[in-house]
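Counting from 1, the numbers follow the sequence of the chain as shown. Note that the coordinates shown come from a computational prediction; the quantities given were computed from them, not determined experimentally.
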Amino acid sequence: MARSASTYASVIDGFKVETNKKYSPVGGTKCNIFAQDVMSAMSASLPSGLANQMADALLNKKAPGWDSVTFQDAQKRANLGYPTIGIKKADGHGHVVVVRPKGSSITILKEVQVAQAGTKNYNSNTINYSWVAADLPGVKFYTHD
């Protein structure tokens, strides 16, 4: 698939995460399902399972095509249309977000632009709405070619 910011943004927007009942937090959050759906549509399959299982597979390089990057590079890659995620393991359940195009570079972690399904679903917001400030430094970023 040809990579571009507009294509990537359109794919993310097409899932209508804020209103799509598939991603409703009723009965448990669906961050993993939303991220897997978006990445599959971008021809960049994520490992199956919950966020913690995905995080383990990505960390242990068991997900072909996915590479670890800094938060700055994550935003740059998303701005170019490359499938990119942020993920953090946690006791119980971890969390995964889709890094989406922002149109500009960033200098601080809390400026990373994301879409997410979770206790609150966002189509476009900054990452500081996805985790509390103390947890942000533990978020790992991955991008796919």
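Between the CE atom in Met42 and the NE2 atom in His144 there is a gap of 10.5 Å [rounded to 0.5 Å]. Here OG of Ser124 is found 4.5 Å from CZ of Arg100. Values are rounded to the nearest 0.5 Å. Atom OG of Ser68 is separated from atom CD1 of Ile87 by 11.5 Å, given to the nearest 0.5 angstrom. Rounding to the nearest 0.5 Å gives a distance of 7.0 Å between OG1 of Thr29 and NE2 of His93. Separation of atoms CE (Met54) and CG (Leu59) is listed at 14.0 Å; rounding is to 0.5 Å. We find the OH-OH distance between Tyr82 and Tyr8 to be 12.5 Å, quoted to the nearest 0.5 Å.
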Could you go through the side chain to side chain donor-acceptor pair (under 3.5 Å) check for Ser4 and Thr7 one step at a time? CA-CA 5 Å; Ser4 74; Thr7 298; 2.9 Å; yes

Under the criterion salt bridge (charged side-chain N to carboxylate O under 4.0 Å, His left out), I'd like the reasoning laid out for Asp67 against Arg77: C-alpha separation, chi angles, the key distance, then a yes or no. CA-CA 11 Å; Asp67 294 305; Arg77 297 277 297 170; over 6 Å; no

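Between the side chain of Gln75 and the backbone N or O of Gln113 there is at least one donor-acceptor pair closer than 3.5 Å. A side-chain donor-acceptor contact under 3.5 Å links Gln36 to the backbone of Gly49. The backbone N or O of Pro101 sits nowhere less than 3.5 Å from a side-chain atom of Asn79 that would complete a donor-acceptor pair. Judged purely by atom type and a 3.5 angstrom limit, Lys102 uses its side chain to pair as donor or acceptor with the backbone of Glu111. A donor-acceptor pair is defined here as one N or O able to donate and one able to accept, closer than 3.5 Å; such a pair exists between the side chain of Lys30 and the backbone of Val26. Remark: side-chain polar atoms of Asn125 are not paired, donor with acceptor, to backbone N or O of Tyr122 under 3.5 angstrom. When atom types are taken as modelled, the side chain of Asn32 and the backbone of Ala51 share no donor-acceptor pair closer than 3.5 angstrom.
Within the 4.5 Å cutoff, the side chain of Val99 has heavy atoms near those of the Phe141 side chain. For the pair Asp56 and Lys89, the minimum side-chain heavy-atom distance is below 4.5 Å. Gln116 is listed as a side-chain neighbour of His95, based on a closest heavy-atom distance under 4.5 Å.
A salt bridge is defined here as a Lys NZ or Arg NE, NH1 or NH2 lying under 4.0 Å from an Asp or Glu carboxylate O, and Lys22 with Asp37 meets this definition.
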